[in-house]
A.B. asks: 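First the structure, which I've put down as structure tokens, then a few questions once you've had a look.
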Amino acid sequence: MANMSLKKNEMPSQDPMVRNRNFQEVALGYTEEQAIDEATRCLNCKHHPCVAGCPVEIDIPDFIMKTAEGKFEEAYQIICQDSSLPAVCGRVCPQESQCEAVCVRGIKGEPVGIGRLERFVADWHIANAQDEPVRCPENGRKVAIIGSGPAGLTCAGSLARMGYAVTVFEALHTAGGVLVYGIPEFRLPKDIVQKEIDALIELGVEVRTNMVIGRSITVDELLNEHGYEAVFIGSGAGLPMFMKIPGENLKGVYSANEYLTRVNLMKAYLPESATPIKKSKKVAVVGGGNVAMDAARCAKRLGAEEVYIIYRRSEEELPAREEEVHHAMEEGIIFKLLNNPVRILGDDKLNVTGIECLEMALGEPDESGRRRPVPVEGSEWTLDLDTVIMAIGTSPNPLIKATTEGLDTEKWGGIIAEDPSGQTSRAHVYAGGDAVTGAATVILAMGAGKCAARAIDEELSGMKSCAEKNNINI
Ligand code: FAD
Ligand code: SF4
Ligand code: SF4
């Protein structure tokens, strides 16, 4: 008998006024009892719309049914048929606009907590099960992966399971991409990401850090001189954009990327860390996406007394996940919506002292379908500050395009690649994730990595893949 409660089981979490001073995980995860209770809210719908709402089409009703029966390992194995990072996706996927948005239980009441259940099952597996890597015999063929974010890691894992010798080249000193340098510890603990990377290494994947492709070695050299038969580019979109307003060069203005990298990857929040970060009192973060929420919540945790989000549209248009906005508000972040900075103010020592903004109103919808913000004349106001963090978007770094023969890109820098194979204009070179789409989501990047792995295998083996023959999930 289904549990007909209209509300999801609450996820236990740290108290907002305690957690806004520490970097430990905010949401604490379901207990076994809560997970089973939540799972029994699922109606096991015949047409299961939730599955179509998931970009990698996890068999959601099946894994939830196993969870309801207390068969957590079986539930985990069902998820793993389609996703290689369930503990990550259960935490950071925008479920509310994907699988949960179309859950039948959401018509009257709250949808089934699919993401929360996925997280529970993945955490249960990490705590209780021992993985034995399953892979095809080595086929002696080498594939290079550029970038160790979710796109690169997924592609690497899929190819390794099919018997390829895979090398991941990562520019930074630690693998994981945005999962380690962008998304903060309090949303995605780094030991979870590291476990996923360790599992790949156990599968035989070689991870070479501090290797900037285009500088240390080029794509052409990988193909022509180092014996790689195919290359997958999963280099993300890590180049920050600025507003091009006066004052952006002042001391105390950061890109969100730099700020978050210092905090997350370089652990600037630990007293023993060698990486400095400004001890700010009043901070404004410009932007309304997940990156802006993460930067604001980090600034608060680093001790800032007042932290503002300045966003030019209204709450309805905020692109960040609902949960992140809600958590940020609970933690005391102040939202200045319908406002746009026009100038950052500084003193004669070139330190930030404030920001000047204009109020905005919403006009007609623009090409994105969202109502265009238009300035309200004469509405200038200023806010005293010592730090400004710009979180208005990123684009792919042009280095790989500039150093690879025959690789076509869009004007804005995205690599042009066929959907779903990821084949680029350059033979034997595939691409996927943010490097192709621009800043998007973890699950879409993973989906692209997986599709490209299939396409690479098809190209290189020219026959039914080893995984298919041996019934191995990639
Ligand atoms: P990335 O994760 O960016 O990885 C690319 C990797 O390539 C990096 O490690 C980079 O160092 C490396 N690289 C780049 N150039 C080179 C080179 N020349 N040579 C070698 N290596 C190179 N998505 C969600 O779904 N939910 C969220 O809650 C969420 N929050 C986010 C918060 C922040 C702060 C940010 C920045 C993004 C967030 N995203 C979120 C988006 C999501 O993280 C990305 O869409 C996803 O990580 C893209 O994966 P990727 O593998 O394409 O690229
Ligand atoms: Fe939902 Fe994301 Fe899990 Fe798919 S991967 S079921 S969209 S939480
Ligand atoms: Fe269960 Fe919702 Fe999917 Fe129906 S739509 S099977 S209730 S998760």
Side-chain angles (χ1 to χ4, degrees), residues 8-9 11 13 25-30 35 38-39 42 48-64 67 75-76 78-103 105-106 110-126 149-154 157 176-180 182-190 192-193 195-196 234 236 289-291 293-294 318-328 432-434 437-451:
K8 280 183 200 176
N9 274 270
M11 175 87 101
S13 58
E25 194 168 16
V26 167
L28 303 173
Y30 282 157
E38 184 60 28
C42 174
H48 43 69
C50 49
V51 176
C54 168
V56 294
E57 298 188 350
I58 290 176
D59 191 340
I60 294 167
D62 249 31
F63 104 72
I64 294 184
T67 310
Y76 177 80
I78 292 168
I79 299 173
C80 283
Q81 287 171 16
D82 300 289
S83 166
S84 49
L85 302 172
V88 174
C89 291
R91 287 173 164 80
V92 304
C93 226
Q95 296 109 17
E96 63 281 4
S97 56
Q98 298 184 340
C99 53
E100 293 183 16
V102 285
C103 170
R105 290 301 307 266
E110 291 183 349
V112 175
I114 301 169
R116 292 175 184 184
L117 289 172
E118 186 173 329
R119 168 191 164 139
F120 166 79
V121 166
D123 287 357
W124 188 92
H125 172 85
I126 290 172
L153 292 179
T154 306
V178 168
L179 305 181
V180 293
I183 303 180
E185 178 77 21
F186 56 82
R187 276 214 296 134
L188 178 61
K190 302 306 155 219
I192 286 177
V193 183
K195 283 200 177 97
E196 306 285 3
N290 286 324
V291 182
M293 300 305 139
D294 285 342
L318 275 169
R321 290 191 57 201
E322 253 170 52
E323 187 179 76
E324 304 317 324
V325 174
H326 173 69
H327 280 157
D434 284 7
T437 56
T441 62
V442 170
I443 190 76
L444 288 173
M446 284 171 52
K450 190 166 172 171
C451 288

A.B. asks: Looking at side-chain heavy atoms only, is the closest gap between Glu196 and Leu179 below 4.5 Å?
C.D. replies: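 Answer no - side chains too far apart.
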A.B. asks: Could you work out, with ring-ring contact (aromatic ring centres under 6.0 Å, His included) as the rule, every residue matching His125, not counting sequence neighbours?
C.D. replies: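 ring-ring contact (aromatic ring centres under 6.0 Å, His included) check on His125 returns Tyr76.
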A.B. asks: Provide the closest heavy-atom pair for Gly90 versus Glu118 in the form atom of the first, atom of the second, distance.
C.D. replies: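 Heavy atoms of Gly90 and Glu118 come nearest at N-OE2, 3.9 Å.
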A.B. asks: Could you list the residues that satisfy side chain to side chain contact (heavy atoms under 4.5 Å, CB included) with His327, not counting sequence neighbours?
C.D. replies: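 Result, side chain to side chain contact (heavy atoms under 4.5 Å, CB included) vs His327: Arg19, Val26, Arg297, Glu323, Glu324, Glu330, Glu331.
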A.B. asks: Could I get the full list of side chain to side chain contact (heavy atoms under 4.5 Å, CB included) partners for Cys103, not counting sequence neighbours?
C.D. replies: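 Side chain to side chain contact (heavy atoms under 4.5 Å, CB included) list for Cys103, sorted by chain: Arg105, Pro111, Val112.
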A.B. asks: With Thr441 as reference, evaluate Cys89, Pro94, Cys93 under the side-chain contact (heavy atoms from CB on, under 4.5 Å) test and give the passing residue.
C.D. replies: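 So the option named by the test is Pro94.
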A.B. asks: Counting C-beta onward and ignoring hydrogens, is there a side-chain heavy-atom pair between Pro86 and Val121 closer than 4.5 Å?
C.D. replies: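 Heavy-atom side-chain distance check fails, nothing below 4.5 Å.
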A.B. asks: Who are the side chain to side chain contact (heavy atoms under 4.5 Å, CB included) partners of Val92, not counting sequence neighbours?
C.D. replies: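 Partners of Val92 by the side chain to side chain contact (heavy atoms under 4.5 Å, CB included) criterion, ordered by chain and then number, come out as Val88, Ile183, Arg187, Leu188, Val442.
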A.B. asks: Which pairs pass side-chain hydrogen bond (donor to acceptor under 3.5 Å, both in side chains) with one or both residues in residues 94-103, sequence neighbours excluded?
C.D. replies: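 Those involving residues 94-103 are Lys8-Glu100, Gln95-Arg321, Glu96-Arg321.
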A.B. asks: Tyr30: which residues meet the ring-ring contact (aromatic ring centres under 6.0 Å, His included) condition with it, sequence neighbours left out?
C.D. replies: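 ring-ring contact (aromatic ring centres under 6.0 Å, His included) check on Tyr30 returns nothing, list empty.
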A.B. asks: Taking all atoms of both residues into account, what is the closest heavy-atom pair of Asp434 and Ala440, and its distance?
C.D. replies: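 Asp434 and Ala440 have their closest heavy atoms at OD1-N, 3.0 Å.
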A.B. asks: Under the salt bridge (Lys or Arg N to Asp or Glu O under 4.0 Å) test, which residues partner Arg119, sequence neighbours left out?
C.D. replies: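 Result, salt bridge (Lys or Arg N to Asp or Glu O under 4.0 Å) vs Arg119: Glu25, Asp123.
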A.B. asks: Using 0.5 Å steps for rounding, measure from the SG atom of Cys54 to the CD1 atom of Ile114.
C.D. replies: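 Between Cys54 SG and Ile114 CD1, I get 8.5 Å after rounding to 0.5 Å.
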A.B. asks: Under the salt bridge (Lys or Arg N to Asp or Glu O under 4.0 Å) rule, collect the residues that match up with Glu57, sequence neighbours excluded.
C.D. replies: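 By the salt bridge (Lys or Arg N to Asp or Glu O under 4.0 Å) rule, Glu57 matches no residue at all.
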A.B. asks: Restricting to side chain to side chain contact (heavy atoms under 4.5 Å, CB included), what partner residues turn up for Ala320, sequence neighbours left out?
C.D. replies: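 With sequence neighbours excluded, Ala320 shows a side chain to side chain contact (heavy atoms under 4.5 Å, CB included) to Asn290, Met293, Val325, given in chain and number order.
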A.B. asks: Quick one: are Phe63 and Asp59 in side-chain contact, heavy atoms under 4.5 Å?
C.D. replies: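 They are not in contact (no side-chain heavy atoms under 4.5 Å apart), so the answer is no.
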A.B. asks: Can you see which heavy atom on Ala151 is nearest to which on Gly432, and at what distance?
C.D. replies: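 Ala151 and Gly432 have their closest heavy atoms at CB-O, 3.9 Å.
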A.B. asks: Between Ser83 and Ile79 (side chain of the first, backbone of the second, donor and acceptor by atom type, cut-off under 3.5 Å), is there such a pair?
C.D. replies: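 It does not hold such a pair.
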A.B. asks: Quick one: salt bridge (Lys or Arg N to Asp or Glu O under 4.0 Å) partners of Glu110, sequence neighbours excluded?
C.D. replies: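 Glu110: salt bridge (Lys or Arg N to Asp or Glu O under 4.0 Å) contacts with Lys7.
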A.B. asks: Kindly give the heavy-atom pair with the smallest separation between Ile443 and Pro55, and that separation in Å.
C.D. replies: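 Where Ile443 meets Pro55 most closely, the heavy atoms are CG2-CG, 3.7 Å.
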A.B. asks: If you look at every heavy atom in Ile126 and Lys195, which pair is closest and at what distance?
C.D. replies: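 So the two residues come closest at CG2-CD, 3.6 Å.
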A.B. asks: For Lys190, what residues pass the salt bridge (Lys or Arg N to Asp or Glu O under 4.0 Å) criterion, not counting sequence neighbours?
C.D. replies: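 For Lys190, no residue satisfies salt bridge (Lys or Arg N to Asp or Glu O under 4.0 Å) once neighbours in sequence are set aside.
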A.B. asks: For a 4.5 angstrom cut-off between non-hydrogen side-chain atoms, does Ser84 reach Lys450?
C.D. replies: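 The answer is no; the side chains never approach within 4.5 Å.
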A.B. asks: For Glu38, is there any backbone N or O sitting under 3.5 Å from a side-chain donor or acceptor partner on Arg116?
C.D. replies: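 Pair absent, no side-chain N/O of Arg116 close to backbone of Glu38.
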A.B. asks: Roughly how far apart are Thr67 OG1 and Ile60 CD1, rounded to 0.5 Å?
C.D. replies: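 Result: 11.5 Å between the selected atoms.
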A.B. asks: Mind listing the closest non-hydrogen atom pair of Val102 and Cys50 along with its distance?
C.D. replies: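 Result for this residue pair: CG2-CA, 3.9 Å.
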